[in-house]
Amino acid sequence: MIKQAIIPLAGLGTRLLPLTSVFAKELLPINGKPGIEYILDECIEAGIKNVIFIISKKKIMIKDYFFNDIFYKKIIKKKKDPRIIQEYKKILKYKKMIKFVYQNKPLGTGDAVLKSRKFIKDKFFLMLLPDDLIIKKNCSKSMIKIHKRFNSSVMASMNVNKKTVSRWGIYKLYKKIDKKNFLIKDVIEKPSVKDAPSNKAVIGRYILPKTIFSKLIKQKPGKGGEIHITDAIQSLIKENNKFIAHNFSGKYLDCGSMHGYIKSTLEIAKL
Ligand code: UTP
């Protein structure tokens with residue numbers, strides 16, 4: 001069973017400047033609700049019991065958002081507003097399942113994941129990148145089903161425009177399992193159009209084995225000088241660990257860029 005999830009939140013969010021010069025992008029509202037709450041709701045619905053947030057000192061406002069009890073209690077005592085009571089109950093529910101760990105230098109997603117090593121108990125865990133919202137169908141839930149069926153690692157995937165491959169982790173297919181699931185032969189972080197083995201991209205949902213930590217400890221920086229989770233995954237694939245790419249059915253919204261962030265509000269408002 002997959003019961004634990006990791007969410008890296010320690011990045012700088014430069015694509016959303018100037019907003020991110022003072023604000024954590026994961027708390028920016030998308031149709032009136034912080035992006036991170038969509039991710040937490042996806043986790044809860046998928047059966048996740050505890051979530052590890054990797055934050056930095058600069059993003060302490062994420063912790064403050066969930067740990068503001070005195071403030072809520074005072075307001076509720078004064079106003080007894082049912083909406084505020086409801087919101088506070090929701091925050092309490094999230095708070096109970098979150099643990100915070102720190103990555104004070106943004107050395108890459110792989111380094112962020114490594115920071116949570118001590119807290120991972122089971123053989124496999126879920127990782128979600130909060131910039132990637134997937135709506136209309138719970139992607140984590142579908143991936144957990146695939147994991148149970150094949151007892152393997154799973155990554156969310158979708159076909160992207162060939163011209164944009166350098167924005168993603170791109171994989172080479174080894175074998176088709178069925179219409180939506182594929183065995184992966186190789187995965188390359190942000191390849192050039194020339195070097196990309198396909199137009200099949202990995203999206204921010206991963207079911208990873210605990211053994212990935214032993215790869216991350218030894219891993220050297222890759223593209224752009226960062227320690228990427230993709231490179232550790234490639235090392236595991238090369239040692240014959242099974243990784244399945246799952247073409248999810250929901251709709252993907254990229255909230256990490258300004259254009260994508262604005263578009264995601266419009267898309268969610270339509271639901
Ligand atoms: P990105 O590289 O897409 O986002 O990381 P970023 O660095 O925050 O934003 P830009 O590219 O400067 O606009 C994907 C996720 O991984 C986290 C980020 O917070 C984001 O949620 N991350 C990234 C870390 O936690 N640590 C890192 O060192 C890098």
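Residue numbers start at 1 and run along the sequence shown. One-based numbering, in listed order, for ligands and for the atoms of each.
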Worksheet entry | atom 11 (O) of ligand 1 [closest protein heavy-atom partner, distance rounded to 0.1 Å] | Arg15 NE, 3.1 Å
Worksheet item: Between atom NE2 of His147 and atom NZ of Lys123, what is the distance when rounded to the nearest 0.5 Å?
Response: 9.5 Å
Worksheet item: Applying a strict 4.0 Å limit to heavy atoms, is Lys25 in contact with ligand 1?
Response: yes
Item to complete: Calculate, to the nearest 0.5 Å, the distance between atoms CZ and CE belonging to Phe124 and Met1 respectively.
Response: 14.5 Å
Worksheet item: Any N or O of Thr109 that comes nearer than 3.5 Å to an N or O of ligand 1?
Response: no
Worksheet, complete the sentence: among protein heavy atoms, the one nearest atom 18 (C) of ligand 1 is Gly11 N, 3.6 Å
Response to the item:
among protein heavy atoms, the one nearest atom 15 (C) of ligand 1 is Leu129 CD2, 3.9 Å
Practice prompt. Mark up the atoms of ligand 1 that fall under 4.0 Å of a heavy atom belonging to Asp131, in ascending order.
Written response: 3 (O), 4 (O)
Worksheet item: Which of the atoms of ligand 1 are close to Ala112, meaning less than 4.0 Å from one of its heavy atoms?
Response: 24 (C), 25 (O), 26 (N)
Practice prompt. Could you tell me whether Gly108 and ligand 1 have an N or O pair separated by under 3.5 Å?
Written response: yes
Worksheet item: Charged N to carboxylate O below 4.0 Å: is that the case for Asp254 and Arg167?
Response: yes
Item to complete: Would you mind telling me if ligand 1 is within reach of the side chain of Lys105, the backbone, both or neither, using heavy atoms under 4.0 Å?
Response: neither
Worksheet item: Are any of the protein's heavy atoms under 4.0 angstrom from atom 2 (O) of ligand 1, yes or no?
Response: no
Worksheet item: Does the salt bridge (Lys or Arg N to Asp or Glu O under 4.0 Å) test come out yes or no for Asp69 and Lys95, once each step is laid out?
Response: CA-CA 10 Å; Asp69 301 69; Lys95 182 183 139 178; 2.9 Å; yes
Worksheet entry | Residue part near ligand 1, for Leu107, under 4.0 Å between non-hydrogen atoms | backbone
Worksheet item: With the threshold set at 4.0 Å, does a side-chain nitrogen-carboxylate oxygen contact exist between Lys223 and Asp231?
Response: no
Discussion item. Below 3.5 Å, N or O to N or O, backbone or side chain included: is there any such pair between Pro8 and ligand 1?
Written reply: yes
Practice prompt. Report yes or no: does Glu226 have a heavy atom closer than 4.0 Å to ligand 1?
Written response: no
Worksheet item: When the ring centroid of Phe53 is compared with that of Phe66, is the distance short of 6.0 Å?
Response: yes
Worksheet item: Is the number of heavy atoms from other residues, nucleotides or ligands within 6.0 Å of CG (Leu271) greater than 12?
Response: yes
Worksheet item: Is the shortest distance from a Lys or Arg side-chain nitrogen in Asp41 or Lys33 to a carboxylate oxygen in the other one below 4.0 Å?
Response: yes
Discussion item. Below 4.0 Å, non-hydrogen atoms only: which portion of Thr14 touches ligand 1? Side chain, backbone, both or neither.
Written reply: both
Discussion item. Using a 4.0 Å cut-off to any heavy atom of Gln103, which atoms of ligand 1 qualify?
Written reply: 24 (C), 25 (O), 26 (N), 27 (C), 28 (O)
Discussion item. Check this for me - ligand 1, Gly13, N or O atoms closer than 3.5 angstrom, yes or no?
Written reply: yes
Worksheet entry | Basic-acidic side-chain contact under 4.0 Å: Asp131, Lys25 | yes
Worksheet, complete the sentence: The atoms of ligand 1 lying under 4.0 Å from a heavy atom of Pro130, numbered in the order shown, are 21 (O)
Discussion item. What I'd like to find out is whether the side chain of Ser142 reaches to under 4.5 Å of the side chain of His246, using heavy atoms alone.
Written reply: yes
Worksheet item: Quick one: which ligand 1 atoms are inside 4.0 Å of a heavy atom on Leu12?
Response: 7 (O), 8 (O)
Worksheet item: Would the Phe243 and Tyr206 ring centres measure less than 6.0 Å apart?
Response: no
Worksheet, complete the sentence: Closest to atom 25 (O) of ligand 1 among protein heavy atoms sits Ala10 N, 2.8 Å
Practice prompt. Indicate yes or no: does Glu42 engage Arg205 in a salt bridge with an N to O separation below 4.0 Å.
Written response: yes
